[in-house]
Amino acid sequence: MRADRALRLHLAMHVPFNLAADLDAALKRAATVASIADASAFSPEVRTAEARHGDFQANGVLGHAKARKLNPRALAEQIVGAIDPALGENYVVSIAGPGFINFALKPAALLAWLRTFDSAALLRAGAAAARAEQTWVVDYSSPNTAKQMHVGHLRSAVIGEAICRLLAFTGARVIRDNHLGDWGTQFGKLIFAYKRWVDPQALATDAIEELERLYKRGNDATPDGSPELEEARRELVKLQNGDPESVALWQKFSDVSLAAFQEIYDRLGIAFDHCLGESFYRDQVDRVYRELAETKLAEVSDGALVVFHPEHPRFKTQPFLVRKADGASNYASTDLATALYRTDHFKADGIVVVTDFRQADHFEQLFLTVGKWFTATARRQPELHHVTFGAVTGEDGKALKTRSGDVIKLKALLDEAVERAFALVTEKNPDLTESERRDIARIVGVGAVQYADLSQNRSSNYVFSWDKMLALDGNTAPYLLYAVARIHSIFRRAGAVPGDPSIESGATPPETPEEITLARRLTKFPDAIRLASETLRPHHLGLYLFELAGDYSSFNSADKVLVDDPAIRARRMMLCARTLLILETGLTLLGLRTLTRM
RNA sequence: GCGAAUGUAGCACAAUGGAUAGUGUAGUGGCCUCCGAAGCCAUUGAUCCGGGUUCGACUCCCGGCAUUCGCACCA
């Protein structure tokens with residue numbers, strides 16, 4: 001056993017995890033060896049190729065030659081001639097078209113890669129170099145307290161969690177921070193309403209529902225200019241001044257809300273490290289005002305403290321309002337304090353905020369301000385990313401508003417998804433026990449909802465539709481999970497454990513077209529991870545997994561796994577085991593749960 | 001008014017400046033005596049309009065058109 005592990009470690013040192021990155025480095029070395037013009041500036045630009053051109057292609061020769069008035073084909077030949085001969089053992093190298101360099105993995109090289117990366121730990125070890133030693137804070141979900149989570153809250157939670165898992169897989173220490181909307185003017189109205197109309201019975205049975213009712217009633221009862229609004233404002237002042245009764249009520253609202261949110265998070269597989277909402281920063285904004293004033297970044301305009309950015313076409317006149325004229329803070333104040341806390345306290349190298357695109361101006365102004373502020377005060381500069389997505393709209397194209405009455409609660413959405421999945425699994429697999437079918441329905445239903453958001457990149461608006469969100473055909477969670485279940489089924493039938501080295505030991509290199517296509521796809525996993533994590537766009541991984549599942553299905557239809565020939569059986573078992581490993585690893589990275597039968 | 005995002009087959013989406021723009025769904029035609037047909041194979045069909053940059057543009061730049069959103073004390 002120990003010898004076997006040592007052998008695999010040895011192999012891992014000699015078989016690169018990310019083949020594209022390895023080829024890129026090899027071509028740079030070759031360019032130096034060949035002494036091409038400006039070799040140090042040569043960027044090979046190796047990327048995954050379309051299958052008909054091989055496995056990887058280098059596009060960089062064209063640009064390099066063009067810029068220096070060289071013949072691109074001749075330059076390509078020069079570089080290819082200087083490639084380390086050892087590379088030729090693994091790839092068929094060719095020059096095509098105006099000067100593309102193509103690399104096609106030989107079957108033996110495919111086998112070596114598949115043999116080497118045979119566990120989740122090795123995949124993780126291969127990917128973890130990208131962000132080793134880095135700390136990233138991810139700010140996502142971030143609902144307002146005293147209201148239920150509705151369909152509009154889904155995207156931030158689902159996309160944010162997938163980004164957390166991708167960052168962690170690529171080596172980062174990830175801090176999940178739920179930046180709750182738990183402070184502000186709405187609490188004056190809520191306390192006002194609570195004191196008059198709370199229904200203790202309702203509060204005991206469904207607290208968040210009752211708080212939401214009270215908030216709506218409080219809002220309706222306090223129109224502009226009314227004495228009731230004045231009363232609500234007095235309640236807010238009492239809360240802000242630390243009146244014990246008010247603070248106790250506010251704390252109760254927060255506790256009730258968090259408990260309700262947690263039920264949703266549990267179903268989505270989300271566990272926050274911190275829930276540092278706006279209230280957490282209420283004592284930290286004075287320092288922000290002081291520093292922005294001292295560094296002359298902020299000025300007083302119409303009584304408010306604002307920041308302008310003279311170099312920016314729009315923000316030279318559109319102010320970033322960091323303190324209201326009445327002296328109160330707003331979300332710019334607390335977001336600035338939040339950026340400071342994440343940088344100073346968490347030592348963040350990167351901060352990711354996941355919200356809908358309507359807040360793009362705010363975050364652009366925030367990041368510009370933070371950059372100048374931290375420069376002026378000689379602080380570290382974390383990478384700042386605003387990850388946006390389109391708003392959820394109704395069929396009419398209008399945004400679903402919180403107060404419009406017909407919002408869809410997240411709890412109801414998940415329930416409906418699970419019910420639909422249950423009906424489907426019952427139809428497809430009536431022999432399973434009800435308990436098994438319930439378990440499967442939870443994974444398939446919730447996964448379908450999660451994957452609906454993760455399978456597309458769109459920053460355009462998301463038109464809400466039950467049918468679209470819960471679709472079970474095509475590039476969807478059920479299709480991916482079905483592939484997983486079928487692979488498990490083969491191992492059950494064979495009485496074998498996926499990944500057991502003894503069933504793969506006699507494996508020969510892939511031979512049939514379907515085996516080769518599948519094996520080639522498996523080696524592209526590192527590139528999919530790289531792309532998804534660098535761009536903070538999980539759909540790149542989702543699309544890869546869908547293509548992998550498709551290649552597996554074709555293989556599964558064309559090539560029988562449990563055949564008598566031991567070499568063929570071993571290599572097909574290995575292909576099944578690796579497909580399973582990468583599908584399960586990838587789906588987990590997207591935040592989905594997987595299953596063994598469905 | 002200023003600004004941003006989006007615009008790809010009937011519908012829904014993909015394409016990190018690269019080679020003949022990929023997929024799903026719907027349509028059409030095949031495949032269950034065969035490890036799970038929630039599947040596989042084949043096939044029809046598209047870059048909003050007009051310029052420009054580039055060896056090469058869905059992608060970058062300029063000008064339109066359409067949809068959605070933002071723009072001083074909500075978050």
Side-chain angles (χ1 to χ4, degrees), chain A residues 45 47-50 52-53 57 59-60 62-63 65-66 72 96-100 102 142 144 179 181 183-186 278 301-306 313-315 317-332 334-335 355-362 364 388 390-391 393 397-399 421 424-425 427-429 444 455-461 463 465 468 471-476 478-479 481-483 485-494 514 527 530-531 534-535 537 539-540 542-543 546-547 550 553-563 572 576 597-598:
Chain A
E45 292 176 31
R47 49 169 285 180
T48 298
E50 280 182 54
R52 64 175 182 273
H53 298 127
Q57 63 184 61
N59 300 331
L62 288 164
K66 180 65 188 172
F100 298 107
N102 290 340
S142 310
N144 291 329
H179 193 73
W183 199 246
T185 51
Q186 72 269 31
E278 286 157 359
S301 169
D302 290 349
L305 191 65
V306 302
R314 197 152 23 103
F315 302 144
T317 53
Q318 184 179 322
F320 188 49
L321 204 151
V322 302
R323 188 183 60 202
K324 302 199 283 187
D326 64 3
S329 64
N330 65 1
Y331 80 139
T334 50
D335 277 358
T355 80
D356 72 77
F357 74 101
R358 286 176 296 185
Q359 300 188 42
D361 271 9
H362 168 73
E364 196 180 346
T388 63
T393 75
K398 298 271 176 66
L424 196 68
V425 70
E427 175 199 329
K428 300 287 183 188
N429 247 332
V444 173
S455 62
Q456 63 188 63
N457 176 38
R458 288 287 138 230
S459 35
S460 60
N461 288 349
V463 178
S465 147
K468 269 177 227 156
L472 306 174
D473 300 308
N475 185 9
T476 64
Y479 180 82
L481 293 170
Y482 179 65
R486 287 178 81 181
I487 300 173
H488 275 292
S489 171
I490 288 176
F491 282 98
R492 276 196 298 274
R493 186 169 285 265
E514 288 79 9
D527 206 40
R530 180 196 60 75
L531 189 56
E534 277 181 3
T535 60
R537 287 187 295 184
H539 81 281
H540 287 298
L543 186 66
F546 175 62
E547 287 169 342
S553 291
S554 299
F555 158 76
N556 188 74
S557 301
D559 298 331
K560 188 172 168 65
V561 175
L562 301 178
V563 294
R572 290 182 182 168
C576 287
R597 67 180 80 214
M598 68 186 275

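What you see below is based on every heavy atom in this structure, not just the backbone, and it leaves out hydrogens, waters and symmetry mates. By convention in this document, chain letters (A, B, ...) are assigned in the order of the sequence lines, proteins followed by strands, and residues within each chain are numbered from 1.
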C1' atoms of B:C62 and B:A14, separation to the nearest Å: 28 Å
What contact category does A:Val463 fall into here, base, sugar-phosphate, or nothing, at under 4.0 angstrom with non-hydrogen atoms? nothing
Taking atom P of B:C11 as reference, at what distance in whole Å does atom NZ of A:Lys468 sit? 11 Å
On a whole-Å scale, what distance lies between the C1' atoms belonging to B:A19 and B:A38? 36 Å
Write down the distance separating the C1' atoms in B:C61 and B:U53, rounded off to the nearest Å. 7 Å
Using the closest heavy atom to pick a nucleotide of RNA chain B for each, name whichever of A:Asp326 or A:Gln456 lands nearer the 5' end. A:Gln456
Over all heavy atoms of both residues, which pair between A:Gly550 and A:Tyr479 is shortest? Give the atoms and the distance, please. CA-OH, 3.3 Å
Using a 4.0 Å heavy-atom cut-off across all strands, classify A:Pro319 as base, sugar-phosphate, or nothing. base
Looking at A:Arg572 and A:Lys560, would you say the former's side chain and the latter's main chain have a donor-acceptor pair under 3.5 Å? yes
Tightest non-hydrogen contact, residues A:Asn330 and A:Leu321, listed as ND2-O, 2.7 Å
Output all residues satisfying side-chain contact (heavy atoms from CB on, under 4.5 Å) with A:Glu50, sequence neighbours left out; order by chain, then residue number. A:Arg52, A:His53
If you compare all heavy atoms of A:Gly390 against all heavy atoms of A:Phe357, which two are closest, and at what distance to 0.1 Å? CA-CD2, 3.6 Å
In B/S/- notation, 5' to 3', how is nucleotides 42-48 of chain B contacted by protein heavy atoms closer than 4.0 Å? -------
Expressed in whole Å, how much space separates the P atoms belonging to B:U6 and B:A42? 34 Å
Contact string for nucleotides 20-36 of chain B, one letter per nucleotide 5' to 3', B = base within protein heavy-atom range under 4.0 Å, S = sugar-phosphate only, - = neither, reads S--SSS---------BB
Mind checking the P distance from B:A26 to B:C41? Whole angstroms is fine. 16 Å
Just to be sure I understand the rule, does A:Asn330 reach a base, reach only the sugar-phosphate, or reach nothing, if contact means heavy atoms closer than 4.0 Å? sugar-phosphate
When rounded to the nearest Å, what value does the distance between C1' atoms of B:A15 and B:A46 take? 14 Å
Do A:Asn475 and A:Ser455 have a side chain donor and acceptor closer than 3.5 Å? no
Using purine N1 to pyrimidine N3 plus N6-O4 or O6-N4 for Watson-Crick, or N1-O2 and O6-N3 for G-U wobble, both under 3.5 Å, which nucleotide pairs with B:G3? B:C69
Could you check whether any side-chain heavy atom of A:Tyr482 comes within less than 4.5 Å of a side-chain heavy atom of A:Lys428, counting everything from C-beta outward? no
Could you tell me the separation between the OH atom of A:Tyr331 and the C1' atom of B:C71, rounded to a whole number of Å? 11 Å
When rounded to whole Å, the CD to C1' distance for the pair A:Gln318 and B:G70 reads 7 Å
Closest to the 5' end of RNA chain B, once A:Val444 and A:Ser455 are matched to their nearest nucleotides, is A:Ser455
Chi-angle category of B:C11 [syn within 90° of 0, anti beyond]: anti
Closest to the side chain of A:Asn461, out of B:C13, B:U68, B:A19, is B:U68
Below 4.0 Å: OP1/OP2 of B:C41 and any side-chain N or O of A:Ser554: yes
Kindly give the heavy-atom pair with the smallest separation between A:Ala65 and A:Pro72, and that separation in Å. CB-CA, 3.6 Å
A:Arg486: what forms a salt bridge (Lys or Arg N to Asp or Glu O under 4.0 Å) with it, not counting sequence neighbours? none
Between the protein and nucleotides 3-7 of chain B, which nitrogen or oxygen pairs are less than 3.5 angstrom apart?
from	atom 1	to	atom 2	distance (Å)
B:G3	O2'	A:Arg314	NE	2.5
B:G3	O2'	A:Arg314	NH1	3.3
B:G3	O2'	A:Arg314	NH2	2.9
B:U6	O3'	A:Arg458	NH1	3.3
B:G7	OP1	A:Arg458	NH1	3.1
B:G7	OP1	A:Arg458	NH2	3.2

Pairwise C1' distance for B:U8 and B:G22, with rounding to whole Å: 11 Å
Would you say the side chain of A:Leu62 lies within less than 4.5 Å of the side chain of A:Pro98, judging by non-hydrogen atoms? yes
In the structure shown, which nucleotide is the Watson-Crick or G-U wobble counterpart of B:C34, with both distances under 3.5 Å? none
For the base of B:A19, is there a side-chain donor-acceptor partner from A:Asn102 under 3.5 Å away? yes
How far, in whole Å, is B:G17 from B:C35 if one measures between their P atoms? 46 Å
Measure from the side chain of A:Val425, starting at C-beta and using heavy atoms only, and say which of B:C74, B:A38, B:U16 lies closest. B:A38
So is the aromatic ring of A:His539 stacked onto the base of B:A14, judging by whether the centres are under 5.5 Å apart and the planes are under 30° apart? no
Can you confirm whether or not the ring centre of A:Phe315 sits under 6.0 Å from the ring centre of A:Phe320? no
Looking at B:U16, which nucleotide sits across from it as a Watson-Crick or G-U wobble partner, both distances under 3.5 angstrom, or is there none? none
Euclidean distance, atom CD of residue A:Glu45 to atom C1' of B:G56 [Å, nearest integer]: 13 Å
Euclidean distance, atom NE2 of residue A:His362 to atom C1' of B:C73 [Å, nearest integer]: 14 Å
Compare every heavy atom of A:Thr476 with every heavy atom of A:Ala471, then report the nearest pair and how far apart it is. O-CG2, 3.5 Å
Could you tell me whether A:Ala471 contacts a base, only the sugar-phosphate backbone, or nothing, with contacts defined as non-hydrogen atoms closer than 4.0 Å? nothing
Just how far, in rounded Å, is C1' of B:C69 from CZ of A:Arg358? 8 Å
Identified pairing partner of B:G24, criterion: Watson-Crick or G-U wobble below 3.5 Å: B:C11
Salt bridge (Lys or Arg N to Asp or Glu O under 4.0 Å) involving A:Arg323 - partner list, sequence neighbours excluded: none
Check every atom of B:C40, B:A72, B:A14 against the side chain of A:Asn457 and return the nucleotide holding the closest atom. B:A14
What is the distance from CG of A:Leu481 to P of B:A38, rounded to the nearest Å? 14 Å
Separation of B:G56 P from A:Leu62 CG (nearest whole Å): 12 Å
Going by purine N1 to pyrimidine N3 plus the second Watson-Crick contact, or the G-U wobble pair, all under 3.5 Å, which nucleotide sits opposite B:A57? none
Please assess A:Leu472 against A:Leu424 for the test side-chain contact (heavy atoms from CB on, under 4.5 Å), listing each intermediate value before the final yes or no. CA-CA 9 Å; A:Leu472 306 174; A:Leu424 196 68; 2.9 Å; yes
Is it the case that B:A72 (base atoms only) and A:Ser301 (side chain only) share a donor and an acceptor within less than 3.5 Å, ignoring hydrogens and angles? yes
Between A:Arg597 and A:Ala485 the two heavy atoms that sit nearest each other are CA-CB, 3.9 Å
